[in-house]
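Please read the structure below before turning to the comments.
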Amino acid sequence: MDYKKTIAQRIASIINIDAKEIEKMIEIPPDAALGDFALPCFKLSKAMKKSPKLIADELVSSIDKEGFEKIDSVSGYLNFFIEKAAFTEKTILNIISEGNCYGHSNDGAGKTITIDYSSPNIAKPFHVGHLYSTAIGNSLYKLFSSQGYKAIGINHIGDWGTQFGKLITAYDRWVDKDALEKNPINEMLRIYVKFHEEAEKDPELEDIARQHFKALEDGCPHETELWKKMKDLSMKEFNKVYDMLGIKFDSYAGESFYNDKMDAVIDELEAKGLLTESNGAQVVNLDAYNMPPCIIKKSDGATIYATRDLAAAIYRDKTYHFYRNVYVVGSEQTLHFKQVFTVLKLMGYDFADRCIHVGFGLVKFEDKKLSTRKGDVIFLEDLLNEAVSRSRELIENKNPNLENKDDLAKKIGIGAVIFTYLKNNRERDIIFNWNEILNFDGETGPYVQYTYARGRSILRRASQEDFSAAPDFTDMVTPEEFELSKLLSAFNNAINLAIEKYEPSIVTRYVIDVAKSFNKLYNMHPILSCENKGLKSARLKLVEASTIVIKNALSLLGIEVVEKM
RNA sequence: GCGUUCAUAGCUCAGUUGGAUAGAGCAACGGCCUUCUAAGCCGUGUGUCGGGGGUUCGAAUCCCUCUGGACGCACCA
């Protein structure tokens, strides 16, 4: 039964206020001792011209109490206590029958969501900053998919732009071809950093770089060949990281993919009278929107990222007919996306309103920013490897007899890193700290995985016992059992909120709560040695339901579970 | 200077969209493994919710203002 709805209907039948209005007012008390649901009567006070306390008192005496243990009136609040056994039984059995699909729905059937995430730049290292977009985007992909949306994961690879002019300039002068063979990203990073050092002394290099990029756009063979080579080498490296993370995309259409689609966009802007010339560049003036102009074509005739983003948005609309077009890109680009969406709107594209920029904070060191240009970066691969070897060490320490230790270490270590990235509000900056990210105690990925493994261990033992009894929930009334069941039943709320706010951390927080609640119960109430047969069986069901929810929730975050650890 | 955004315990952060005594984790200290995995559980302490106004029966949450930080502000992405 949907308690909020039921309560609202019963109250609506007594007083003359719409049930939906009442439903919105119902809340969950801060302390379970106060009740499971509550209706604050302060808002009703004005309309009914009575004191909140009197309203609550009158409702208590007249409301239908079926399905509730008791209903209290406490200082203006109407507090509802639901019948525990009936609730836990229904919740738990429902979760088990839905299994891997628990939490899923068809709410988004027929709607397509394009999600642009990860999008690293070719010829640059995939560093710890890139994981933010990658992890958030991947989780959103799974969240939307779980609700029946058709999600399209797009890796908008940064394989075009002025940086290639710089790289080609640097390649021509300083590349070490042996080093490039052995460790392509390192060598490309080295010459990219050297370019910026040299350009400080000799600004002419910047001009040469721009010329090379223009030549690339015009299809000159030398530039094109080098571009291809660097792209192939980079993609190989990126795919190594995606394999470690277990992430795949539906499309790798990067910036270069739109190279032949930009002229049409520029023509269209021209035809719609939106282009003006300013200091030799072609721009769309956005004064009316209190924004700087959006540059479409630079004064040297080359395009810029805004042009490519316009072409990409139009392409995605035509190709996917999206319901939402989501960009998981750092918050520092907020203005850029506002400009692009506004230009789309000015072009007459209504889908502009369905384009969403999902921003997130910076990953930085304690004292400074990560900077590819200066070479101040930590490779994500190094972080992941470090996390894996740390968890491998812990396994050796704590449980050396486990099988497949390497595989376990990988799932735990990488899961820990992803979990950390998805734990907090995405708008927050992440201050990169090795000790913190490699700490596996407390509210961490390993904690949740450990909880799952504990639950699975109990279920394994139970299945080996010669035990069978029909589950009987009538005695399942302790606060721990009831609280855990309530949490498990709230999985969908967490998912829906996460989707509404494009915020995976809501699911991360939720699964931490489930794990905490489970561990508390685990320590207080024996399960396998429970003497009441019916209750033991019911508790086993609760354990099973808990493992299902943990597994499904972690899966929405892109994290795997382990059976033992 | 303009714009966006943030400020909650020593540190890192939650806070269910305005509700009941503001909560976790880490760090510190103490307790719990001959009983289901101690990567766990239990206990102990700390707050002018950045300051000041306002709206409201009621504000960490909404509005204004000040202070401090982050990010952005046309030919990088």
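Order of the sequence lines sets the chain letters (A, B, ...), proteins ahead of strands, with each chain counted from 1.
- A:I527 comes within contact range of at least one nucleobase, with a heavy-atom separation under 4.0 Å.
- Interface remark: the A:Y450 side chain does not form any donor-acceptor pair with the B:A39 base, using a distance-only criterion of under 3.5 Å.
- For B:G52 and B:C11, the C1' atoms lie 28 Å apart once the distance is rounded to whole Å.
- Heavy atoms of A:P29 sit under 4.0 angstrom from at least one base atom.
- Nearest approach of A:M262 to A:T303, heavy atoms of both residues: CE-OG1, 3.5 Å.
- Within 4.0 Å of A:D31, counting heavy atoms only, lies at least one base atom of the nucleic acid.
- Residue-level contact check: A:H196 touches neither bases nor backbone, having no heavy atom under 4.0 Å from any strand.
- In terms of phosphate contacts, A:T334 brings no side-chain nitrogen or oxygen within less than 4.0 Å of OP1 or OP2 of B:U4.
- Put simply, A:R428 has a side-chain N or O that comes within less than 4.0 Å of OP1 or OP2 on B:A14.
- Residue-level contact check: A:I512 touches neither bases nor backbone, having no heavy atom under 4.0 Å from any strand.
- Between A:K214 and A:D218, at least one side-chain N (NZ, or NE/NH1/NH2) sits under 4.0 Å from a carboxylate O, which counts as a salt bridge.
- Across the C1' atoms, B:U55 and B:C62 are found 8 Å apart, a figure rounded to whole Å.
- Taking atom C1' on both nucleotides, B:G25 is separated from B:A59 by 27 Å, rounded to a whole Å.
- Ion pairing between A:E386 and A:R390 fails under the 4.0 Å rule for side-chain N and carboxylate O.
- Across all strands, A:M565 comes closer than 4.0 Å to base atoms (heavy-atom distances).
- Glycosidic conformation, B:U17: syn, with the torsion inside 90° of 0.
- Look at A:Y522 and the base of B:G40; the rings do not stack under the cut-offs of 5.5 Å between centres and 30° between planes.
- Each of A:I11, A:I26, A:I7 was scored for a side chain to side chain contact (heavy atoms under 4.5 Å, CB included) with A:L78, with one residue passing: A:I11.
- Distances were taken from every side-chain heavy atom of A:D441 (C-beta onward) to each of B:C73, B:C76, B:G40; the shortest belongs to B:G40.
- Residues from residues 389-396 of chain A that place a heavy atom under 4.0 Å from any atom of RNA chain B, listed by number: A:L394, A:I395.
- Here A:Y447 lies in heavy-atom contact (under 4.0 Å) with sugar-phosphate atoms only.
- A:K501 comes within contact range of at least one nucleobase, with a heavy-atom separation under 4.0 Å.
- A donor and an acceptor atom sit less than 3.5 Å apart, one in the side chain of A:N79 and one in the base of B:A20.
- For B:A20, the base is stacked against the aromatic ring of A:Y77, per a cut-off of 5.5 Å between centres and 30° between planes.
- At the phosphate of B:U37, OP1 or OP2 sits under 4.0 Å from a side-chain N or O atom of A:R461.
- Between the side chain of A:N121 and the main chain of A:K124, no donor-acceptor pair closer than 3.5 Å is present.
- Residue-level contact check: A:G161 touches the backbone only, with heavy atoms under 4.0 Å from sugar-phosphate atoms and none from bases.
- Distance noted for atom P between B:A70 and B:U8: 15 Å (whole Å).
- Taking side-chain N and O atoms only, A:R509 has no distance below 4.0 Å to OP1 or OP2 of B:G25.
- Residues A:A387 and A:V417 approach most closely at CB-CG2, 3.6 Å, considering heavy atoms.
- The existence of a salt bridge linking A:D407 and A:K405 is excluded, since no basic side-chain nitrogen approaches an acidic carboxylate oxygen closer than 4.0 Å.
- In this structure, A:E560 does not pair ionically with A:K551, as no charged nitrogen and carboxylate oxygen lie closer than 4.0 Å.
- Nucleic acid contact class of A:A302 (heavy atoms, under 4.0 Å, all strands): none.
- Checking the phosphate oxygens (OP1, OP2) of B:C76, no side-chain nitrogen or oxygen of A:K166 falls inside 4.0 Å.
- In B:C33 the base sits syn relative to the sugar, since the glycosidic angle is no further than 90° from 0.
- A pairwise comparison of heavy atoms in A:A56 and A:Y77 identifies CB-O, 4.0 Å as the closest pair.
- The separation of B:U61 from B:C2, taken at their P atoms, amounts to 25 Å, rounded to a whole angstrom.
- In this structure, A:K564 reaches the bases: a heavy-atom distance under 4.0 Å links it to at least one base atom across the strands shown.
- Applying the 4.0 Å criterion to OP1 and OP2 of B:A77, one finds that A:R308 has a side-chain N or O inside that range.
- Nearer to the 5' terminus of RNA chain B, by closest-nucleotide assignment, is the contact made by A:V74 (compared with the other of A:V74 and A:T444).
- Using a 4.0 Å heavy-atom criterion, one finds that A:Q449 contacts no nucleic acid atom at all.
- In this model, the phosphate group of B:C42 is approached by a side-chain N or O of A:K520 to a distance below 4.0 Å at OP1 or OP2.
- Residue contacts shown for A:S278 include a base, since a base heavy atom lies under 4.0 Å away.
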